[in-house]
A.B. asks: 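So that we are looking at the same thing, I have put the structure below in structure tokens.
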Amino acid sequence: MPIKTEDVKWIETPKLGVLDHLYLPAILEGLKTTVFGHMLTPNITVQYPEVQAKMPPNYRGVHRLNRDEEGRVKCVACYMCSTACPAHCIDIVAAPSPWPDREKYPETFVLDELRCIYCGMCEEACPVDAIELTTLHVLTGLSREEMMFDKEKLLSVFDQTVKDGTDPIRTSAGRLGPASEQPKQAPVPGQPGAQP
Amino acid sequence: MATVHVNGQAVDIGTEKLNLIEAADRGGVFIPHYCWHPALTVVASCRMCLVEVGDTQPDGSVKMQPRVVPACQTPAKDGTVVVTNSERAKYAQAQTLESLLINHPLDCPVCDKAGECQLQDYTHKFGRAESRMIDEKFAPPNKPNIGAQIELFTDRCIMCTRCVRFTREISGTAELLVNHRGEHAEIDIFPGQPCDNKLAGNVVDLCPVGALCSKDFLYKQRVWYLKSHDSVCADCSTGCSVHVDENKDILYRLRPRENPLAQGHFMCDEGRFGFHYVNSKERILRPQLRRDGKLIPATWEDVLPALRRDIAQAVKQDGSAVVAVLSPFLTCEEGYLLARYFKSLSGEVRLALGPVPTVGEDDTYPKDRHGKPVEPVKFTIRAEKCPNRRGVEEVLRHFQGEVIGFDDVVRLSGEGRLKAVYAAAGYPPRPGGWVSAEQAAALAKTPLLVVQDILPSPASALAKYVVPAVSFAEKEGTFVNHAGLAQGLRRAVKPPAECHTDGQVFLDLMERRGLVHAPTIRAELARDVPFFAPLASGTIDALGVMLK
Amino acid sequence: MDRSLLITILTIVGFMAVSQGIIAYLILLERKIAAWVQDRIGPNRVGPLGLLQPIADGLKFLFKEEVFPTNVDRLLFVLAPSIAMITALLAAAVVPFGPTSVPPSTEYQFVIAPGTDIGILFTFAVGSLAVYGIILGGWASNNKYSFLGALRSSAQLISYEIPMGLSVVGVVLYAGSLNLERIVQQQVEGGWNVVFQPLAFLLFLTAVFAECNRLPFDLPEAEQELVGGYHTEYSAMKFALFFLGEYMHMITTSLMLTVVFWGGWYFPGISTPTSHVAVKFIVFIAKVVAFIVFYMLIRWTIPRFRFDQLMSMAWKVLIPLAIANLVCVMVVREFELSHWLLPPLSIALIVGAGVVSFRWPAAPQRRMPASLEPVAR
Amino acid sequence: MPEYEPVLLRRVGRPNSQSIDTYRADGGYRALEKAVAQLTPEQVVDQVKASGLRGRGGAGFPTGLKWTFLPKNHPGPIYLAVNGDESEPCTFNNRVLLEEDPHQFLEGVILAAYATRAWVAYIYLRYEYGRCYRTLEKAVAEAYAQGLLGRDILGKGFHLDVHLARGAGAYICGEETGLLESLEGKRAWPRVKPPFPAVEGAFRKPTVVNNIETLACVTHIIDRGVDWFKSMGVPPDPKNPRDPGSYGPKLYNISGHVNKPGTVELPLGVTVRELIDKYGGGVWKGRKAKGAIPGGISMGIMTEAEFDTPLDFNGPGKVGCLGLGTGAVTVFDEQTSIADVLYNITRFFSHESCGQCTPCREGTGWMMKMADRIRRGDGRLEDLKILEEIGNAIGIMPGTTICGLADGAGWPVKNAIKKFRPEFESLIRAGTKSTSLQLVSAH
């Protein structure tokens with residue numbers, strides 16, 4: 001798509017005065033920033049691993065698979081994440097769901113954390129907000145197999161983050177998008193909309 | 001000669017009777033449609049193909065009709081003017097799409113059709129970005145057992161009634177019907193009479209949305225991962241043109257490919273669901289040879305020279321006691337290569353046609369309510385359950401004038417009169433198998449029995465050499481159907497790692513260098529065998545070539 | 001053995017040892033300053049506060065494999081870092097590193113070779129040889145990037161020699177001597193040169209930045225463009241020698257700046273001729289350290305010049321100004337005018353340069369293609 | 001205007017009016033005998049054409065013209081299908097005719113069959129009209145017994161068999177082709193036109209479909225002559241070139257909030273106000289009328305101010321209604337909430353849409369959902385816009401459906417919103433429930 005003319009912002013070279021042409025004031029100004037703006041201000045580095053960094057809630061770390069209110073995996077095995085994934089690190093096997101309120105669920109869900117580039121596309125693609133990237137950033141393992149996170153492991157990440165109270169926040173709209181919420185009122189049997 | 005003006009562009013449609021959808025298509029303009037299907041009657045009920053239509057008056061002016069009309073129902077006449085891109089036509093189409101989505105659940109993520117769904121595609125192309133409906137959608141329960149192979153996701157149905165018309169007009173079995181009225185209308189079956197006719201799988205293809213899904217394919221793959229290859233169904237001598245859909249060399253489904261020369265628009269369920277042996281774990285994956293009474297896996301480097309040596313020895317002893325059995329599942333090219341190999345060893349070597357599986361009578365559709373066939377016949381499932389008997393027979397006739405039957409081979413072998421039998425089988429697993437235990441025992445009396453097959457059989461258990469064969473989806477070549485239509489097979493999936501295609505094995509036996517290349521062999525075949533002369537260029541287009 | 005020879009040898013040994021040690025810690029200092037400027041902490045893992053980091057670095061350099069890429073000119077490849085290092089060290093031979101007195105004097109002179117009358121000339125002559133090491137290194141590496149770095153280096157160093165030399169000529173004229181001790185002495189008597197010739201100081205400062213290949217003039221090594229430039233192919237101790245050379249250069253130039261423009265050990269009110277030698281030494285070293293820190297701060301303040309900017313600055317700005325400055329000093333000296341005339345002249349020249357630059361017809365602008373001309377703003 | 005003497009209803013209420021004997025005694029089958037004896041079928045067609053008789057089923061298509069659409073010299077069979085599926089809400093004029101005077105209608109059937117050379121007449125009766133069915137069954141048997149049906153009628157060598165068919169209980173069975181489908185034993189899904197029934201109708205043969213009241217009129221046209229027929233009604237409107245005039249008597253039903261609901265026969269062109277005040281006994285409980293449905297709900301809605309519109313084929317169109325329809329006037333009083341009216345209308349059509357064409361199937365359902373929401377006080381102002389848009393977009397007039405049901409579904413919605421917009425808007429703004437729901441919750 002070509003850039004539209006009205007989207008192009010033209011920036012002009014600022015007009016320099018005599019003082020600016022001397023460069024010296026600018027250098028002094030720069031030095032002021034260097035010294036007083038940064039060098040003498042407190043450092044923001046954290047002494048990892050003695051001190052654990054507190055990641056901002058929108059940090060993209062280890063994935064988790066969310067559970068719904070009944071503790072079942074929220075994922076509906078739609079493959080949107082694995083389709084969106086630029087690193088092809090998500091492998092899903094879908095199956096008819098054992099629960100009546102949905103048609104499909106992931107029989108297996110394997111995410112290769114080594115292959116993942118933590119871009120967050122899976123999270124964006126998920127229509128039911130089942131996969132999220134948490135603030136967990138310490139990810140180690142001794143073998144490749146260990147880094148292939150399966151469904152149980154990803155669900156356990158969810159449990160852990162819920163326990164720790166470090167739920168990720170993804171959008172300005174709130175914790176989760178509207179699509180992920182099941183209809184609140186219980187469907188009346190026989191009425192339109194009642195689930196089979 | 002009739003000329004139709006499609007969006008201001010003159011399209012010559014000749015003398016054909018076309019409706020406006022077809023006529024516009026000739027002009028490269030696509031008119032969206034759901035209920036219309038070229039093989040079914042016109043009901044003009046989906047109202048997706050609404051266009052503006054006018055007629056050219058004798059004085060040359062154009063008189064447009066005051067309302068939009070369905071293109072599927074309007075015949076194209078000389079001077080008809082079709083406008084598909086006017087504000088009114090576009091509004092009508094967008095309005096129809098918005099209506100369709102009133103009660104259609106937006107469960108595309110879990111819908112198997114997503115990616116090849118016409119509702120999705122048209123909404124994207126012709127529809128509104130957003131529905132203005134905020135009320136609750138009507139969601140009737142799914143009908144998982146509408147057929148043995150079919151599941152109905154009732155709420156996704158858009159009532160195009162293609163499936164209903166299919167069961168009434170093509171299969172004639174009329175299992176499907178519309179129940180209820182208005183927005184509560186749904187597709188249903190009569191109680192206890194599921195849609196289980198032999199053509200039932202076609203309703204899944206006909207369904208423009210994800211309402212009717214094939215249980216065989218359900219949730220196996222998302223369609224956008226699939227790569228489609230043009231090929232030919234190998235299950236009967238109708239030779240239906242098919243799309244072979246695979247991902248990462250696993251075959252997931254077959255779909256009929258429209259071919260007026262072969263079968264039309266549809267295919268039968270036997271062929272549609274009969275491909276699973278290709279992915280079977282039981283397959284013969286590498287060559288084996290018998291040593292100390294046991295079959296042991298071997299490499300091609302070991303097997304091929306040994307095979308060549310043993311066959312040459314047998315031919316030297318008595319050429320007429322060597323028989324090559326060519327199964328009707330071989331492509332013409334493979335049959336030709338094998339025949340040439342054996343005939344080059346000695347003119348006395350005999351070539352036989354492998355068993356031709358035949359089940360009952362030709363099964364024609366539509367049927368009446370008693371299950372009796374009705375004229376005119378719209379679809380035929382052939383009794384002859386192999387794709388290429390004609391092609392292989394023509395090759396055999398060319399090389400030795402007559403076709404020896406498999407039973408003769410078994411008899412001769414049982415009498416101990418044969419020195420070597422090379423059975424190029426490649427049969428899919430079907431009830432009974434291609435060779436019974438007795439026949440296998442008789443064949444085993446021949447000292448050098450070579451069996452080339454996809455799956456183990458009684459014969460392969462007793463063979464001296466077992467050579468893996470590959471399925472129709474894994475090789476290239478030509479099948480000639482019952483009517484003499486030569487169609488090209490395209491390779492869809494890679495054969496298992498250590499399997500060589502049959503043609504490659506024959507090429508290696510002939511000690512011809514290089515990889516097997518179907519067009520080259522086909523051209524050779526066409527040069528040598530007059531029956532195949534129309535294939536002289538080596539290439540076959542998607543519809544195939546009729547051989548006389 | 002002559003006592004003075006012994007002292008000289010001891011001084012050499014002492015200077016060598018101490019300077020190497022200081023360089024090691026300067027690297028640490030540089031890394032720390034870089035960290036602080038970037039709101040980080042910097043090396044703090046090896047030893048308390050990271051104080052053993054230089055040792056670790058040194059050991060690493062020593063134990064690393066000596067890599068010789070396949071197509072290098074082995075002799076020159078080894079020779080180049082040595083030359084870079086040796087020239088830097090040699091240049092320091094005549095530069096005072098502490099309080100000095102006017103020769104002949106019996107006091108201990110904090111110079112390796114006291115009383116060298118061509119001190120400045122020597123420093124310049126030998127210091128300029130440093131480019132030799134760089135060019136050889138870039139050439140011998142047989143690598144495009146290295147070679148480009150070397151080419152840039154030669155062009156840059158040759159250009160900046162001229163304003164550097166010219167700017168010091170004014171001071172030399174004023175002091176009437178090339179002897180650095182005398183120049184210091186002259187400043188003790190007549191005040192710091194920086195006060196009387198601020199323009200010369202600025203020119204000299206700019207030029208030595210370029211001489212040392214320090215930002216904003218580090219084009220020969222430019223990591224982003226040339227992958228390290230002339231030392232791309234170097235590793236282990238050979239690389240370390242280049243490094244040492246560069247830092248030695250920095251020290252030498254800081255010493256020069258202190259001695260030539262900032263009155264050496266002299267600081268009115270604190271360190272007068274009558275002060276204790278230790279005070280003088282501390283003052284001297286403090287000035288030097290201040291310059292080194294200034295070097296490091298500038299590195300994180302001003303971005304790298306483009307090569308054409310670098311060259312145009314040398315030839316179009318620095319050299320004309322240096323000549324103008326020299327003329328001013330000559331005029332003042334020739335007509336024996338008051339030396340208080342010099343500071344205003346110098347400042348007038350600086351301002352004049354700004355005005356000229358402001359008024360100068362702009363260089364031909366690169367025009368946008370008509371199609372890209374802004375339509376609506 | 002002098003008091004009108006009923007013709008079609010003249011025998012209603014007389015003892016034993018259903019029997020063939022009383023009918024013959026009143027001069028019945030005179031027209032048939034006259035026609036068979038003196039007129040060729042073409043002449044019968046010409047007479048009907050000349051009378052300007054227009055179909056009483058709702059669309060008002062000239063009956064004579066319809067008959068001429070049949071293919072000439074067709075080897076047969078040709079069918080006559082009689083549309084007795086009277087399912088337009090509040091319409092019951094056919095019922096009166098059938099229950100009280102079946103032979104008058106049957107004579108019309110035979111005449112029409114004679115004119116169109118039909119061999120077989122199918123009388124398709126609404127399933128709910130059980131009594132009509134029984135009466136008619138008896139009448140047909142009587143006619144057969146007297147040689148008025150069957151082979152060689154009146155010795156003139158023309159044959160006619162009459163079959164009664166009972167409907168399938170759906171509004172759509174009253175649609176011309178839906179009726180034919182239903183007659184054939186299929187789902188009453190209207191057919192795609194062309195081919196029109198006159199070319200390919202029931203059982204794929206040429207078929208004429210006529211309304212019961214229309215055929216009853218045919219009897220009297222032949223009996224009393226064209227001039228008598230044309231002496232009643234309204235001449236063509238010069239402002240409307242497509243109006244061929246509305247002639248003859250018409251049965252009007254009056255129902256709803258009136259003191260005296262019922263059926264009256266009047267010449268075409270009586271005004272709504274006259275009907276309500278003079279024949280319907282005025283609005284009940286002394287209230288004022290808010291509006292009325294002029295001729296079955298698919299015709300739209302009239303406001304009280306529009307009550308002076310004459311009810312002929314051209315009249316209601318002048319105030320934005322679809323047409324005369326069946327002439328069944330339904331009145332609602334000023335206390336009726338328009339939201340209730342709208343909901344009732346949309347619910348009816350959503351329930352009766354056959355489900356074939358997408359715009360109608362989904363559009364009627366959507367309209368009902370919106371009307372329901374408005375009724376419950378959850379409406380949005382944009383709903384009115386959408387309702388109006390759907391009302392305009394569905395139907396055969398814009399070309400988006402096969403049959404006219406969607407037109408009928410859209411018209412009252414459009415009318416209601418256009419004519420009662422302030423009431424809708426204040427209701428939506430206030431977010432209050434409609435009158436009926438308030439009553440329900442009050443109890």
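Per chain, numbering begins at 1; letters A, B, ... match sequence-line order. A quick note: this is a predicted structure, and the numbers were derived from the prediction, not measured.
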A.B. asks: Which atoms of D:K186 come close to chain B, meaning under 4.5 Å heavy atom to heavy atom: side chain ones, backbone ones, both, or neither?
C.D. replies: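 For D:K186, neither part sits under 4.5 Å from chain B.
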
A.B. asks: For B:L100, which atoms come within 4.5 Å of any heavy atom of chain D: side chain, backbone, both, or neither?
C.D. replies: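 Both parts, backbone and side chain.
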
A.B. asks: At what distance, to the nearest 0.5 angstrom, does CD1 of B:I134 lie from CD of D:E382?
C.D. replies: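 It is 7.5 Å, given to the nearest 0.5 Å.
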
A.B. asks: Look only at the side chain of D:R187 and the backbone of B:V178, and say whether a donor-acceptor pair between them is shorter than 3.5 Å.
C.D. replies: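 Yes; at least one donor-acceptor contact below 3.5 Å.
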
A.B. asks: Between D:E362 and B:R47, is there a side-chain N and carboxylate O pair less than 4.0 Å apart?
C.D. replies: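 Salt bridge absent between D:E362 and B:R47.
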
A.B. asks: Could you pull out the closest heavy-atom pair between D:I402 and B:S45, with the gap in Å?
C.D. replies: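 Reported closest heavy-atom pair: CD1-CA, 4.2 Å.
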
A.B. asks: Answer yes or no: are there more than 12 heavy-atom neighbours, outside D:K433 itself, under 6.0 Å from its atom NZ?
C.D. replies: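 Open.
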
A.B. asks: Does any N or O in the side chain of B:R181 come within less than 3.5 Å of the main-chain N or O of D:G355, such that one atom is a donor and the other an acceptor?
C.D. replies: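 No; judged by distance alone, with no hydrogens or angles, the pair does not exist.
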
A.B. asks: Measure B:E183 against the heavy atoms of chain D and call it side chain, backbone, both or neither at under 4.5 Å.
C.D. replies: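 For B:E183, backbone and side chain are both near chain D.
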
A.B. asks: Under 4.5 Å heavy-atom distance to chain B, tell me which part of D:T364 shows up: side chain, backbone, both or neither.
C.D. replies: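 Neither part; nothing is under 4.5 Å.
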
A.B. asks: Can you tell me how far the SG atom of D:C357 sits from the CE atom of B:M159, to the nearest 0.5 Å?
C.D. replies: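 That separation rounds to 11.5 Å.
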
A.B. asks: Side chain, backbone, both or neither: which part of D:P190 has a heavy atom under 4.5 Å from chain B?
C.D. replies: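 Neither part, no heavy atoms under 4.5 Å.
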
A.B. asks: Return the minimal non-hydrogen interatomic distance between B:S99 and D:P359, and the atom names on each side.
C.D. replies: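 Heavy atoms only, the tightest pair is OG-CA, 4.0 Å.
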
A.B. asks: Select one option (side chain, backbone, both, neither) describing which atoms of B:T74 are under 4.5 Å from chain D's heavy atoms.
C.D. replies: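 For B:T74, neither part sits under 4.5 Å from chain D.
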
A.B. asks: Tell me, for D:R191 versus chain B, whether the close heavy atoms (under 4.5 Å) come from the side chain, the backbone, both or neither.
C.D. replies: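 Answer is neither: D:R191 stays 4.5 Å or more from chain B.
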
A.B. asks: Heavy-atom distances under 4.5 Å only: say whether D:P398 touches chain B with side chain, backbone, both or neither.
C.D. replies: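 Backbone only.
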
A.B. asks: Contact part of B:E98 toward chain D, heavy-atom cut-off under 4.5 Å: side chain, backbone, both or neither?
C.D. replies: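 Contact with chain D is through the side chain of B:E98 alone.
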
A.B. asks: Minimum heavy-atom separation for D:K369 and B:N103, please, with both atom names.
C.D. replies: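 So the two residues come closest at NZ-OD1, 3.2 Å.
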
A.B. asks: Pick one of side chain, backbone, both or neither for D:E389, based on which atoms fall under 4.5 Å of a heavy atom in chain B.
C.D. replies: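 Both parts, backbone and side chain.
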
A.B. asks: Nearest 0.5 angstrom please: D:K193 NZ to B:Q73 CD, how far?
C.D. replies: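 Spacing of NZ (D:K193) from CD (B:Q73) equals 10.0 Å.
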
A.B. asks: Does any part of the side chain of B:Y34, heavy atoms only, come nearer than 4.5 Å to the side chain of D:T358, both counted from C-beta?
C.D. replies: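 Not touching, per the 4.5 Å side-chain cut-off.
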
